[in-house]
Each structure stands twice: as structure tokens, then as C-alpha cells.
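A quick write-up on the structure given underneath.
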Amino acid sequence: MKGPLSFVVAVAAGVSVTWVGLAEGAWWLAFPVGLVIGGVLARAGEGLVAAAMAGMLGWLLPLEMLQTRYGLAPTIASLAAIVGVPPSQGFVAIVLTGVVGMLLGLTGAWLSSAVGSLAAPVWRRVVRDQRRPPASSPEVW
Amino acid sequence: LRHISIPRLANLVAALLASAAVLYVSFFGAGPLPPLGPAFNPATGAWTMAADAASLGSQTLKLAGLDLPVRVIFETDGTAHVIAQTDHDLFLSVGYLHARFRLFQMDLLRRQGEGRLSEVVGKAALDVDRFELQLGLLRTAQAEWAQLTLDDPSRAALNAYAQGVNDRIDEAVRLHQLPAMFALLDYRPQHWTPIDSLLVKGDMTQTLDFNDTPLVMALLDGTLGSDLTNKWFPILPPNAQSPYEPGPYPVKATPAPLPLMNAMSTAEANSVAALYQRLAALPVGLVATGGDSNNWAVAGAKSTSGGALLAGDPHLHLTLPAIWYQLSMDSPNYHASGVSIPGTPGVLIGHNQHIAWSLTNGQNQATFFYFEQQDSAHPNQYVSHGAWVKYQTVNYDIPVRGGATDHLIVKLSSHGPVISDRGLTMSVWWAGNLPSLDLSVLLRIGQAANFKAFRDALPDWHAPSQNFVYADDQGNIGLVSAGYYPLINGGEPWLPLDGSGAFDVSGTIPYDAVPQVYDPPGNIVWTANQRQVGPDYPYYIGTASNFFDPGYRANEIYRVLSQDQNFSAADMMALQNDTRDFLASEITPVLVKTLASATLTLGEHQALDLISTWDFHMDIGSAGATIWWTFWQQYLSATFDPVWKAHNVTVARSELNKALGQDLEAWTLTDPGNSAFSAGGVKRTASDVMVTAFRATVKALIAQLGPDASTWAWGRIHTRVLENLARIAGLNYGPRPDRGDAYTPLAAGNFPSTSGPSWRMVVDWGSNSFSGIYPGGQSENPATGWYSNRVDTWWDGLYAQMLSADQASASSGTVTWTLKT
């Protein structure tokens, strides 16, 4: 898979894994999800965006489900109070939730892409060097 | 390495740092931020309060340990009615309900008592934990549990209650429904034990009964001098009060004279100062600071309905969630309706089918400090009755979140725990450290049908000493001030005592001799933390200063109830909401008379006109109330501050206003030439100081509120706030302008006021009507409609009907839970 399809698949898979992780209390799964996405998608920018989206959507979609089932207005007001902002700025709690997911995914992808970008050229050179016969080695008769 | 690109290496380093930062804040939080990952996890974090709030509909729930199905009916305001077929199931279900709605509050309360707050909030709470472990609530709770025999009904109740709490903890963990604060602080509650319930009871004992007055008296003795301290902080109140048991009293066999105070050594004084500072630094509620509760009863012969009336409003720190959870409990052997404290089974204040009861704090001295004699030749020993005795020691490990575990060794002398080693060693004897089977007493009260059974239940109530008011369905009333009243052979118990043995606590006043009345001739009984007895009472029970209330609320209540008329339940409610300041009613006429001959400015004249026509009610819109209260503070200041300055007194004068106010009241009314008015070096009388104070009052109020005295409404300076228990300011209620002051039956001391009537209950046995209200709601979840839904009703002085389970099930809008295994 290449191009937009791989991007969409990566985001969808990332959201699914993140969501399941949250339900089981493994909120940190967004980070390894980002690691994988950053390593799988070839272009660095693409990987970062996909992982950030997977993290953010993975955290916000369950909120949307809570809103649909229970209504979130009183909870948003309460969390706003806990965070220390007026009820009118309760969106801060939602933003904060999305940002946590996004940052976990984003940093995961950034880390794997940074490792990849550093390791890949080195690896290529090492492989190339191993394939080339040493110039000064003595011939064996 | 020669192949490594520097920019790419820098990118990797940056990615590593960013990842570490994000993961750190997500796992551990930073500064005021909680651990963001678990806290904001939509499935298991703080967002789950939405699901919790939506889960209150009628349903069937499975609880492990129930014998038979239990029915719980919730009224629309959240009041719960538990109907169980066995006593065991009743207490189990109450444990489940408490945990269902107040689990975080319960966990905080037990952590406070067992010295484990640092484990969840970090080293900021370490001093509190160390103090609590030294004081010994945990040791006392363990001893109480050990004392309960296997066949004691309260043991079974505590076990069943703990099972119910644990049923809820397991359920909440399984369903990801733990209260939001657990997510924000990132921990899970441990299972509940019966000892945890006894710790919660110990917390209440401490907040009502552990007192630092001997330290204050010692500091006054050391700075103000023994002469003035004896005069101004006497044992018997200098003002006229209204004891509910005026005597005559049983004769004491050998009444011991109370000697005058002696000067303390410098080392003793320094040790006292160090301990005083330590206690002063503790959070509100860990040291008792004087009670502010009311209760009274009117016999059937004096009521309009013909049945006895009872009113009770315990005044405590007002928090959200509140200290109370309202419910009715019905099982084959237990029927009670009223308020309970989450963490403990049973109704503390309420009624059953035949009697009603309420409590105020007894206030007698229950805390005694001792200097232990030590020397370097006898390490870890102290002198007791001429012999060197080894301290007992107890070791504690205090887990500290984000830090190393703290190790604490508590030394125990025969008096109690060593509480200070700064300078001289001091230990504390506190009645709350002795086992008190309060739950057993409450269960028996709940089952009592008459005064004999009620009174017979109370000898086992030891601490905190409480004034139990009583009214029954036969028109009878009574009051029993139950608890330990420690006696000391000589010495000066209001000061720290020599610990060598001569002044040890030797016993308590016998139960038959503690203050109590039954069906008195006046057909009324009342307490408001005043000294319960008159000057002829043969036992020392505490000084007028700081132990007992100045008596203004009690005087006002007595003034109303002693009128020649019959009363209704509505009259009881009006009295609970009474804002008339008794002290003001005494002093203001004297002030007005004094000012009549003084030369006043225009502003002072306007203020005088307002206070001349004032009705002594501390109402929100009253300018007279503002002028009065400010005047009284200025009057205290003008009288005593010169003395405080001259003697470098180390206790803030404002901390002693209630004690000094009694002196000032008495001098103003009966001794205006008292030398205290001239103690600053200038010859003055009460009138001189009143004029000075009034001028200062007007000047201060013009500066604060503007030149027009008619706009100086009390509500502009006096507000009340209900504080969130987790100290999240955004979840407070208020501050909001409110009526009352520290001396009115509707108590509202301080600015803003953070304590007051935590529950108001009125019972009329003539019409079988029961009314009650507390400021708060049944749930600690701020996203539910039951978090603060009762506050406005309470604020307006209104009440809700306390329905029986049958009445509740017949009312509209109720929700029913069926609990079964």
C-alpha cells in the first residue's frame, strides 16, 4: 500500500488500538502506536501527521461517545473547575484531552522517524561496505 | 560513527527529549498538573464522572455477601431509604451506598487518621501524617477493634459495612467508575476494614476534642503574667450565662481547691511555644477551636402540637461534599432516620419510631500536656512516681509520593504519646486516645424507645464528650452530657503539667454526676456549647477561655424558649435561623447612651442613628449589623491591644476574642471603671474606650465602604463559602453574602465564614413531622445533580421533609435499587 491509502489505514488502525488501550487503562498505547506509524510510513511528515491524528482521534472519539450516551456538559464544567478555568472555558478540558493523545502519538512517531532517519543511511553504508571487496587484501593461492 | 549525520543526530536527541517530557508529564504530572494520561483517559479517568452521573436510575445490582434482597429507594433529592431483611444486610447496604457516593471522601478521612495522606499527595502532607501518627488515632482504632467482643453487634455491623464498601470498590474498579479524584491523583483505594471506620470516628473526635488551650494559657502566663492571666482567663465565666443544669448538684466528697497559676521556667515556656507553633501550622480541623452547635428540646406541655419538639444543628466545617449523608435505615432490629458520616455505619443524629436525638460538643477539657523528666544518664526513659520508666516505642513507615519513605518512631509515656521533643519533652493525655465504643452506643440509641434506654446507652460514650438532647413520642425531653470528664489531683490542668506522676489523670467524673436533666420544670432543655453547669458544680471541667463558648447563642436560645408561650415546629425552625446577636442586644444600648453625650461628626451621627434603631439582627442588608460588629472589634482592640503590646504577648489577641469578650462584656455592664481599661498607662473608663472605638469604627467603614453609612450592608463584608473537600476552589460554593455572625444561633463566624450549621433538624412528635436539611448534596461527584442541590434550600432557611421509607416509596420521582447477590 502506498500514498493516501496507507495513511488512512495507519490512522484507522492507530485509532482502534489507542481506543482499545484506553478502555483497558493502557492510555500510554498511543505512544507505541506512534512509534509504529512513524516507522511504517516512509515519509517522515506523513508519519508524524498520521500518528498525531491517531492519538488525538483515539482520545477524542471515546469522548464523543460519552457525549452521545450521557451528555458531557456537567462533566466539562466540573473538569474546567478542577483545571482552574471558568465553566465558560470548559472546552479547555476537551482540548487538553485531545492534546495529550496527540502528543503521545506525535512524539512516538517523531522518535521512530528520527531513529530511522539516522540509522538508515548508516545502515546502507555498512551494507555497501560489506559487499565491496577490500582493496588491499592479499590474494590467496 | 563517521557516517552519522549531525543534524539527524540532533533530531533524534530532540525527539528523545520531547518523548521523555510528554511521557513524564503523562505518567507523573508536573507542578499543578496531575498525571495527564490516567487523569484524562476518557474511558477510565476523570471523564467517567459522566457515566457515574448517568447511572442513578432504577436498577438491580449484585452485591457479594448479602443474605437476602435489599431495597433502596432514592428520593428526588438523593435521600436514601434502605430496607433490609436482616441487620447484616442493612449495614452492608449502607457501606455500599456510602462508597457509591462518597468513596473519595471516605478514603481521605481514613488516610488522615492513619497518617497516609503523603502517600497520595506527596511530602506536603508529611507533617500532618507524622502528627497524626504521633497523636495516635490509628493505635486507638486498633485498640477499639480489639476490645469489641465477637458477639458485640457493632463488630458485626462494622464487618458488614466494610464488606459493602469493598463490594463497591471492586465494582467501581471493574466498571472503571472510581471517583474522578482517584484518577486525578492516580491511585486506587485499598479495601476497607472495620478499623478504617473507627479511624473516621477518631477524626471527628479529634476535630471536636483535641485542644491546645493549655499551651495558649501557658504562653499567656509567660507573657501577660500570672496575675492578669488569672483575672482575664478565669475558670468560671465572668459574664452571665445560661447553664442548662443550674443545680443543685451532688456533693463532691473531697472537693479539691484549685490553686493559682505559677510562673513557668524559660525552658518550659520555650517548649510550649514550639509545640504551639507546630499545632498552629496544622490544617484546619486537626485541632479543636471551639464549638458552635445548638440543640434544644421543648416538652409536650409547652408545644402547640402537644408533642415534644426537638431541634438540632451541629456546626462544623462546611464542605462539598458535606460531612453528612442522609438516609433512613430499616431492618428487623434497627430503625433510624437522619444523617450518617460516610465511613461509619449508623445514624449519628436523627430519630427512630419513638425518640429523637441530636448532639452538640461538650467542650470540657479533654487534653492535658505533660513535661516528661529525662536526663542523658537514662536514655529513652522518663520519671514516673519516682522511678525511671522506659518509653514504649512504635515504629511507622510513611510512604511519600515522589519521595523516600519516611520513618517515624513514636515514644509513649504513661500519659500518652510524646508530641514534642523541641527543648523539653512533652507528652499529651487526650481522652480521644482511650477506646470509646461510640458505635455500640449509637446502635443502642437507635433501638431505644424511652429515656431510660437512651440514658443507659450513654455511659459507654467516652469521647468526644457530647451533649445528647432527647425528645420522645410521650412528650418527654432530656439532656445528657456524656463522655469522659478527666479529673486530676491538684495541679493546674489548664497549663502543661509536671509529668513525674503527681498530676496524672486519676479518673473521670462518675456518669451519674455528669451534667444531665430529664423533664425539667421549665419544660425546656438547651445547649450551645456553653458551660453546662453553674458555679456550684463541684468538679473542674475546664476554664472559661477557649474550652466553653461565651454563651451568647445559649443565652439567646434560652431567652426565646423561656418566654411564656407554647412553641411550634415552625418556631424551632425560626430559632435555628435566628440572627439576633445577644451580645449586641446587651452592649448596643450602653453604647448609644454613651454616645449621646459625645461630640460627633456628621458621619458618626449617621452611624449612631442607624445603630440606635437597629434590631440586633445580623441580616445581609443591615447597616446596623456592620457598625455593631466593627465596633465590637474596635472596642476589643482599643481595650486590649495596648496591653498586648506592652507585654509582647505571643498569642494573637484576635485568637482570644471570645474569652476577652466575656471580660469586656462583664466590665462594660457591671464594672466600667475596671483597671483593664487603663492598663495601657492612661486612666480610662469603659465609656472613654467606647467613644474611641466608635470613632475608629466609623473611620474604618468610611474608608472601606464609602461615606454613606446607610449603604454599609452586612452582606458587603460578610460572606460564606462551602469549601470543596479536595481544596479545588472551582468546586466551592460561594463566597456569597450571608447573614449571622459568630454569636448568633445561625452561626457564621469569620470572613468568609467556612463553618456553621452543617445539618438542621426539627422534630415535632405531636404531628409526627420530621424536617431536615444540610448544605450540600448526597454525591461527591460534581457532575451529578446531587452534588450541591440542597445548598440553596439550606441557605434560604428552608427544610425538607424527612420521609419514612413508606412515605418515600409513595412519593413521585423516586428511584429504586434492588440489591442482591
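Worth knowing before you read on, the calculation uses all heavy atoms, side chains too, and leaves out hydrogens, waters and symmetry mates. Within every chain, numbering begins at 1; the chains are lettered A, B, ... in the order of the sequence lines, protein sequences first and strands thereafter.
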Review point. If we only count heavy atoms from C-beta on, is the V99(A) to F40(B) side-chain gap below 4.5 Å?
Key: no

Check your understanding: Which region of V100(A), side chain (C-beta onward) or backbone (N, CA, C, O), has a non-hydrogen atom less than 4.5 Å from a non-hydrogen atom of chain B, or is it both or neither?
Key -> side chain

Review point. Side chain to side chain contact (heavy atoms under 4.5 Å, CB included) with P42(B): which of L61(A), T97(A), L60(A)?
Key: T97(A)

Review point. Would a 4.5 Å heavy-atom cut-off, applied to side chains only, mark S26(B) and W28(A) as touching?
Key: no

Check your understanding: With a 4.5 Å limit on heavy-atom distance, are the side chains of T44(B) and L22(A) in contact?
Key -> no

Revision key, fill the gap. Residues at least two apart in sequence or cross-chain that pass salt bridge (Lys or Arg N to Asp or Glu O under 4.0 Å) with R720(B), listed by chain then number, are D738(B)

Review point. Nearest heavy-atom pair of A15(B) and A114(A): which atoms, and what distance?
Key: CB-CB, 3.9 Å

Check your understanding: If you tally heavy-atom pairs under 4.5 Å against chain A, which of A729(B), A53(B), P7(B), A18(B) wins?
Key -> A18(B)

**Study point:** L23(B) side, atom CG; L103(A) side, atom CG - distance, nearest 0.5 Å
**Key:** 10.5 Å

**Study point:** Sorted by number, residues from residues 169-186 of chain B in contact with chain A (heavy atoms, under 4.5 Å)
**Key:** H176(B), L184(B)

Point to revise | CH2 on W110(A) to CG on N11(B), rounded to 0.5 Å | key: 6.5 Å

Exercise for review: Let me know if L106(A) has heavy atoms under 4.5 Å from chain B in its side chain, its backbone, both or neither.
Suggested key: neither

Study note, to complete from the structure: Okay, I728(B) and chain A: the region with an atom under 4.5 Å from a heavy atom over there is side chain

Exercise for review: Taking heavy atoms only and a threshold strictly under 4.5 Å, list by residue number the residues of residues 787-794 of chain B that touch chain A; give 'none' if the list is empty.
Suggested key: none

Exercise for review: Using heavy atoms and a sub-4.5 Å threshold, report which of residues 63-75 of chain A line up against chain B, by residue number.
Suggested key: L63(A), L66(A), Y70(A), G71(A), L72(A), P74(A), T75(A)

Point to revise | Which of A77(A), G108(A), G84(A), A93(A) touches chain B most, by non-hydrogen pairs under 4.5 Å | key: A93(A)

**Study point:** Heavy-atom closest pair, residues A783(B) and S78(A)
**Key:** N-OG, 3.5 Å

**Study point:** Pair L16(B)-L111(A), side-chain contact (heavy atoms from CB on, under 4.5 Å): steps then yes or no
**Key:** CA-CA 6 Å; L16(B) 276 170; L111(A) 185 60; 3.5 Å; yes

Practice item. With a 4.5 angstrom heavy-atom cut-off, could you sort out which part of A14(B) is near chain A: side chain, backbone, both or neither? Key: both

Exercise for review: Please check if atom CZ in R188(B) has more than 12 non-hydrogen atoms from other residues, nucleotides or ligands closer than 6.0 Å.
Suggested key: no

Point to revise | Top contributor to chain A interface from A50(B), G730(B), P782(B), S55(B) [non-hydrogen pairs under 4.5 Å] | key: A50(B)

Practice item. Report the distance from atom CD1 of I94(A) to atom CH2 of W47(B), rounding to the nearest 0.5 Å. Key: 5.0 Å

Review point. For atom CD of Q59(B), is the number of surrounding heavy atoms from other residues, nucleotides or ligands below 6.0 Å larger than 12?
Key: yes

Check your understanding: Contact part of V85(A) toward chain B, heavy-atom cut-off under 4.5 Å: side chain, backbone, both or neither?
Key -> neither

